[in-house]
**Q** 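Following this message is one structure expressed as structure tokens.
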Amino acid sequence: MMNDRLPHFVIIGAVKGATTWIHNQLQDNSAIYLPAPEPHFFSQDHARGLDHYRRFFDGARPDQILGEKSADYLAHPDAAARLAAALPDARLVVQLRNPVDRAYSDYKMLFRRGTVTKGPEHYLDGRPNDQPRFLEDGLYARHLRRWLGHFDAEQIKVLLFEEVKAAPEAAVAIVSDHIGAPCHYSTQVGADPRNDSSERFLPLPVRTALAPLKEAVRPLRGHPMFERVRGVFARQIAYPPLPAALRQRMVDYYASDIADLEVLIGRDLDHWKRDRRLAA
């Protein structure tokens with residue numbers, strides 16, 4: 001029999017805003033069920049229908065609160081309307097990071113995948129390019145206004161990356177309260193939102209060759225023998241740096257959106273604007 005239950009809450013973004021950390025924290029709570037892969041249903045796979053979406057929650061117990069995390073929903077132009085049509089009462093969670101840092105982190109992710117090969121100047125200086133997501137996904141006020149056109153403000157809980165890093169247990173408590181779940185802080189997941197750009201990775205040709213086996217070897221990750229073998233070949237990636245002048249151009253690019261966001265969420269984002277004031 002097809003599972004007829006749908007999520008009570010959705011973590012909608014932002015990409016590279018440490019949403020994986022809050023996902024893992026909630027997933028460790030026995031009262032909550034979140035599927036391990038990001039469904040991307042309301043962004044990439046909406047045409048496959050709700051029966052496809054329901055399958056992500058087939059493993060849940062009847063007493064568990066259902067949720068999911070797909071970080072690309074926030075910036076997707078159609079995700080808000082689609083999600084509202086299917087889950088009008090959903091509790092939404094948004095985790096936002098300094099948009100300059102978010103854009104550079106997103107660039108580094110695609111750089112290590114081999115999707116982009118040029119330096120950050122090619123993608124992050126505001127000129128048209130083949131990866132507009134790097135800059136546009138950080139226009140948080142623009143995206144949140146679209147979501148607020150479909151959901152009441154009280155349904156959307158906004159977290160700031162910096163506050164989560166400073167007080168991770170409090171962040172878990174805030175989200176748990178928002179989604180109506182008992183609070184559980186996982187010491188196994190830990191306190192620090194993970195910065196995967198600082199990790200060691202296998203060389204790109206090896207990662208490409210092993211990509212079809214990714215899901216098969218996932219259960220082995222963390223096993224001492226697997227990690228020892230991986231450690232022989234893994235190396236930390238040398239990313240092209242973000243020049244100071246380019247960073248300032250990005251700060252200027254986001255200035256008006258950040259000012260709009262401050263009004264929208266009622267939060268002081270002076271720490272995101274500091275680079276602009278110091279350079280003035």
**Q** Over all heavy atoms of both residues, which pair between His184 and Val172 is shortest? Give the atoms and the distance, please.
**A**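 Answer, listing the atom of His184 first, then Val172: O-CG1, 3.4 Å.
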**Q** Test salt bridge (charged side-chain N to carboxylate O under 4.0 Å, His left out) on Arg55 and Asp58; report intermediate values, then the result.
**A** CA-CA 5 Å; Arg55 292 189 183 99; Asp58 281 347; 5.6 Å; no
**Q** Specify the closest pair of heavy atoms between His143 and Glu136, including all atoms of both residues, with the distance to one decimal.
**A**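 Answer, listing the atom of His143 first, then Glu136: NE2-O, 2.8 Å.
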**Q** For Asp101, enumerate each residue passing the salt bridge (charged side-chain N to carboxylate O under 4.0 Å, His left out) test, keeping only those at least two apart in sequence or located in another chain.
**A**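 If we apply the salt bridge (charged side-chain N to carboxylate O under 4.0 Å, His left out) test to Asp101, skipping adjacent residues, the hits are Arg247.
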**Q** Do the side-chain N and O atoms of Asp106 and Gln131 include a donor-acceptor pair separated by under 3.5 angstrom?
**A**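 No, Gln131 and Asp106 have no side-chain donor paired with an acceptor closer than 3.5 Å.
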**Q** Checking His178 now: which residues fulfil ring pair (Phe, Tyr, Trp, His ring centres under 6.0 Å) with it, not counting sequence neighbours?
**A**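 In terms of ring pair (Phe, Tyr, Trp, His ring centres under 6.0 Å), with neighbours along the sequence ignored, His178 is linked to no residue.
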**Q** Would one find more than 12 heavy atoms of other residues, nucleotides or ligands at under 6.0 Å from atom CZ of Arg142?
**A**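 Incorrect, the count does not exceed 12.
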**Q** Inspect the surroundings of CD in Glu154 and state if more than 12 heavy atoms from other residues, nucleotides or ligands are less than 6.0 Å away.
**A**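 Buried by this count: over 12 neighbours within 6.0 Å.
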**Q** Can you name the nearest heavy-atom pair linking Ala14 to Leu96, along with the distance?
**A**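 For Ala14 versus Leu96, the nearest heavy atoms are CB-CD2, 4.4 Å.
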**Q** Quick check for you: to the nearest 0.5 Å, what is the distance between Cys183 atom SG and Glu169 atom CD?
**A**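 The distance works out to 8.0 Å.
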**Q** Can you list everything that forms a salt bridge (charged side-chain N to carboxylate O under 4.0 Å, His left out) with Asp28? Sequence neighbours excluded, please.
**A**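 In terms of salt bridge (charged side-chain N to carboxylate O under 4.0 Å, His left out), with neighbours along the sequence ignored, Asp28 is linked to no residue.
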**Q** Taking ring pair (Phe, Tyr, Trp, His ring centres under 6.0 Å) as the definition, give me every residue that meets it alongside Phe42, ordered by chain and number, with sequence neighbours left out.
**A**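 If we apply the ring pair (Phe, Tyr, Trp, His ring centres under 6.0 Å) test to Phe42, skipping adjacent residues, the hits are Tyr53, Tyr73.
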**Q** Using the salt bridge (charged side-chain N to carboxylate O under 4.0 Å, His left out) criterion, which residues pair with Lys118? Sequence neighbours excluded.
**A**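 Per chain and number, Lys118 pairs via salt bridge (charged side-chain N to carboxylate O under 4.0 Å, His left out) with no residue.
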**Q** So which atom in Gln25 and which in Gly190 form the shortest heavy-atom distance, rounded to 0.1 Å?
**A**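 Closest approach of Gln25 to Gly190: NE2-O, 3.0 Å.
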**Q** Kindly write out the residues that satisfy ring pair (Phe, Tyr, Trp, His ring centres under 6.0 Å) with Phe56, not counting sequence neighbours, or none if the list is empty.
**A**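 Per chain and number, Phe56 pairs via ring pair (Phe, Tyr, Trp, His ring centres under 6.0 Å) with His52.
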**Q** Can Asp78 and His46 be counted as having a side-chain donor-acceptor contact under 3.5 angstrom?
**A**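 Absent: no donor and acceptor within the cut-off.
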**Q** Testing the basics here: between Pro120 and Pro241, what is the closest heavy-atom pair and its distance to 0.1 Å?
**A**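 Scanning both residues, the minimum pair turns out to be CG-O, 3.2 Å.
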**Q** Does the side-chain hydrogen bond (donor to acceptor under 3.5 Å, both in side chains) test come out yes or no for Trp272 and Glu162, once each step is laid out?
**A** CA-CA 10 Å; Trp272 288 1; Glu162 299 83 3; 2.8 Å; yes
**Q** Between Lys273 and Val251, is a side-chain contact (heavy atoms from CB on, under 4.5 Å) present by the stated rule, with each step listed?
**A** CA-CA 7 Å; Lys273 300 182 293 183; Val251 171; over 6 Å; no
**Q** Dump the intermediate steps for salt bridge (charged side-chain N to carboxylate O under 4.0 Å, His left out) on Arg127 and Glu121, then the final yes or no.
**A** CA-CA 9 Å; Arg127 290 179 293 178; Glu121 298 90 342; over 6 Å; no
**Q** Grab the two heavy atoms, one from Pro7 and one from Glu68, that are nearest each other, plus how far apart they are.
**A**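 Scanning both residues completely, I find the closest heavy atoms to be CG-CG, 4.4 Å.
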**Q** Parallel, tilted or perpendicular for Phe57 and Tyr33, by the 30°/60° rule?
**A**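 It falls in the perpendicular class, over 60°.
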